[in-house]
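What follows is a set of notes on a single structure, which appears directly below.
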Amino acid sequence: RHPIWFFAKCCHNVIPDPSLARFMCAELTRGYFLEHNEAKYTERRERVYTCMRIPRELEKLMIFGFFLCLDAFLYVFTLLPLRVLLALLHLLTLPCCNLGGLRLLQPAQVCDIMKGLIMVLCYSMMHYVDYSMMYHLIRGQSVIKLYIIYNMLQVADRLFSSFGQDILDALYWTATEPKERKRDSIGVIPHFIMAVFYVFLHAILIMVQASTLNVAFNSHNKSLLTIMMSNNFVEIKGSVFKKFEKNNLFQMSNSDIKERFTSYVLLLIVCLRNMEQFSWSPDHLWVLLPDVFMVIASEIAVDVIKHAFITKFNEITADVYSEYRASLAFDLISCRQKNACTDYSDSVARRMGFIPLPLAVLLIRVVMSSVNVQGALSYSCVSLFYMGMVTLKVLNSIVLLGKSCVYVKRANMEDKLFEKPPTAAPGKTPSRTSKTSRCTAPSGTHPEPDPDPLTPSPPATPEQSVGDGTEGTELKHRTPKKDLLDVDRFTICGNRID
């Protein structure tokens, strides 16, 4: 019927005397009964409390992850050269020893020598790249073009990080694969050449990023620096409105840790280059510090806002970050065991996508070109600086190990560290879940899948389903979700977990 008649009938049902005075009186005096919908308002209040807890819990995870990356980064400068020297010394003393058919070097020693050779070759190749020429070439471009280049460099850096560790892992496995097995690879030398070119190209990519950031710092009106910082807030738009599961958020958190640590190293390189150009004047350092703090503050603000709204829209509690921290701590403790399957720095690279070799090569190149080392006093200072780095590495490792034990114990994950690996059946290929599970056994054995009831089990094979009957049917209908300990790949394509 006519809308006016319907409105008048509704007003008559609500207000017996439909007059203007009665309507205004009802609007001014009607009450609210919030207790009738207590569950909804309690949930909304908990969401507010969760958003308020996110910055604190997120920064706890970020700080712990930062020191994990720092530990892996310092390892390249401190313990890796010593391990390479020990491996070479062992190789030189082999003719004096009667091995009796044993292998020349242990797999870890072979990997250390490979890393050392990659570092030396890439550092030698970096001498042919002129940092000053690259800086002036970038400075001659327009602001819009530099903004586009910087975005392309960020995407390329993520792609390099996601594929680089696979190249290094392929090299390590090809070089240490048991001789009695049938080889299906292209050989050690092609893999080594691929790894050298990867580290070299990734180091050049990071150098271009540092040069672009240096140009932004030295621009007169700071317009490029402002555009780069505003580019971080564009990341919020591409993240907060997507659906995230707990494992996807874990990968994003690891990626943010890696990006933040890389940003700090890039800022260090920019400061070194600027201080070297101004003859290490302390006054110029005070000019750089406000811009440095502004970049760091924008990174922290973007991470907090992004994670706060992702957890709000996907109804994820703030306690999930303590689970992420416990998972990273579990990686650290697993790699410190006697029969660990991988080096700690490689584990951090797989978990966070942080590969320290290219960044270390670039930092060495910048430091060697910025600092002039001549005379006995300079070499003494370098030796003291190296001893200080070793001390910092050892202290950082001890503190991280102690904190990791506390986090793992709080999460009740210590039993998983001592699981005994099952005997692998001959002629069977291990499943994907077995490959990605935490390994604490010697190479050649496959770790046992997690028996924890909270951890999903891999789907049953047809033989198991037929043989087990009801149990096979139950396994068939389980949700094939991954545990956090099985998420050890850095992926960014749609934040997916294969």
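As the structure is a computational prediction, the values presented were derived from the model and not from experiment.
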Checklist entry - How far apart are the C-alpha atoms of Y321 and K60, what are their side-chain angles, what is the distance that settles it, and do they pass the side chain to side chain contact (heavy atoms under 4.5 Å, CB included) test? => result CA-CA 8 Å; Y321 292 101; K60 284 183 180 180; over 6 Å; no
Between side-chain atoms of residues 189-205 and protein atoms elsewhere (two or more places apart, or another chain), which donor-acceptor pairs fall under 3.5 Å?
residue	atom	partner	partner atom	Å
Y198	OH	H202	ND1	3.0
H202	NE2	D157	OD1	2.8

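- In the displayed structure, F313 atom CZ is contacted under 6.0 Å by more than 12 heavy atoms of other residues, nucleotides or ligands.
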Checklist entry - Taking it one step at a time, do K306 and D256 satisfy side chain to side chain contact (heavy atoms under 4.5 Å, CB included)? => result CA-CA 11 Å; K306 180 175 64 175; D256 292 338; 3.0 Å; yes
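- Proximity of L288 to V270: side-chain heavy atoms (C-beta onward) are nowhere separated by under 4.5 Å.
- Between the S327 side chain and the E323 main chain, no donor and acceptor come within less than 3.5 Å of each other.
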Next on the checklist: Is there a ring-ring contact (aromatic ring centres under 6.0 Å, His included) between Y407 and F330? Walk through the geometry before answering.
Outcome noted: CA-CA 8 Å; Y407 296 150; F330 186 89; over 10 Å; no
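- Using modelled atom types, no side-chain atom of R53 and backbone atom of A318 make a donor-acceptor pair closer than 3.5 Å.
- Checking side-chain atoms of Q109 against main-chain N and O of Q106 turns up a donor-acceptor pair under 3.5 Å.
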Next on the checklist: Between F77 and Y386, is the ring-ring contact (aromatic ring centres under 6.0 Å, His included) condition met? List the steps.
Outcome noted: CA-CA 8 Å; F77 300 100; Y386 176 75; 9.7 Å; no
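- Side-chain contact between L328 and N254 is present, with heavy atoms from C-beta onward closer than 4.5 Å.
- For CE of M294, the number of neighbouring non-hydrogen atoms (other residues, nucleotides, ligands) closer than 6.0 Å is greater than 12.
- Interatomic distance, CE of M413 versus OG of S404, reported as 11.0 Å (0.5 Å rounding).
- Surrounding CZ of R47 are more than 12 heavy atoms belonging to other residues, nucleotides or ligands, all under 6.0 Å away.
- Nearest heavy atoms, N314 versus I310: ND2-O, 2.8 Å.
- Listed here is the closest heavy atom pair of Q209 and Y150: O-CE1, 4.4 Å.
- Residues T50 and I316 have side chains not in contact (no heavy-atom distance under 4.5 Å, counting atoms from C-beta outward).
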Name each donor-acceptor pair under 3.5 Å that joins a side chain in residues 389-401 to protein atoms two or more places apart or in another chain, with its distance.
residue	atom	partner	partner atom	Å
T391	OG1	M387	O	2.8
K393	NZ	D71	OD1	3.4
K393	NZ	S397	OG	2.8
N396	ND2	F67	O	3.2
S397	OG	D71	OD1	2.6
S397	OG	K393	O	2.8

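- Using a cutoff of 4.0 Å between basic side-chain nitrogens and carboxylate oxygens, R260 and E59 are scored as salt-bridged.
- Atom OG1 of T262 sits about 7.0 Å away from atom CD1 of I206, to the nearest 0.5 Å.
- Atom CE of M125 is separated from atom CG of L121 by 8.0 Å, given to the nearest 0.5 angstrom.
- No side-chain heavy atom of F250 sits less than 4.5 Å from a side-chain heavy atom of V320.
- Counting only heavy atoms from C-beta outward, the side chains of K115 and V84 never approach each other to under 4.5 Å.
- With values rounded to the nearest 0.5 angstrom, D112 atom CG is found 11.0 Å from L117 atom CG.
- Side-chain contact between L267 and F217 is present, with at least one heavy-atom pair separated by less than 4.5 Å.
- Annotation: the span from L357 atom CG to L362 atom CG amounts to 13.0 Å, rounded to 0.5 Å.
- Residues S253 and M62 share a closest heavy-atom pair of O-CE, 4.2 Å.
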Next on the checklist: Test side chain to side chain contact (heavy atoms under 4.5 Å, CB included) on N151 and V155; report intermediate values, then the result.
Outcome noted: CA-CA 6 Å; N151 288 335; V155 175; 5.8 Å; no
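- Contact detail for S161 and I355: the closest heavy-atom pair is O-CD1, 3.7 Å.
- A pairwise comparison of heavy atoms in I54 and V304 identifies CG2-O, 4.3 Å as the closest pair.
- Although no hydrogens or angles enter the test, the distance criterion places a donor-acceptor pair under 3.5 Å between the side chain of S211 and the main chain of M207.
- Summarising the geometry, atom CG belonging to L359 is positioned 9.0 Å from atom NZ belonging to K258; distances are rounded to the nearest 0.5 Å.
- Of the residues listed (F160, F66, F261), the one engaging F354 in a ring pair (Phe, Tyr, Trp, His ring centres under 6.0 Å) is F261, and it is the only one.
- Taking the ring axis of F64 as reference, the NZ or CZ atom of R325 does not stay both within 45° of it and closer than 6.0 Å to the ring centre.
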Next on the checklist: For a side chain to side chain contact (heavy atoms under 4.5 Å, CB included) check, start with the C-alpha distance between V295 and S263, then their side-chain angles and the critical distance, and finish with the verdict.
Outcome noted: CA-CA 9 Å; V295 172; S263 299; 5.8 Å; no
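- Here the side chains of R83 and Y75 are in contact, with some heavy-atom distance below 4.5 Å.
- For the pair I257 and C69, the tightest heavy-atom approach, listed with the atom from each and the gap, is CG2-SG, 4.1 Å.
- Pairs engaging residues 290-301 under the salt bridge (Lys or Arg N to Asp or Glu O under 4.0 Å) rule: K222-D291 [sequence neighbours left out].
- Side-chain contact between K403 and L332: absent, with no pair of heavy atoms (C-beta onward) separated by less than 4.5 Å.
- With hydrogens and angles ignored, the 3.5 Å screen pairs a side-chain donor or acceptor of N248 with a backbone N or O of E245.
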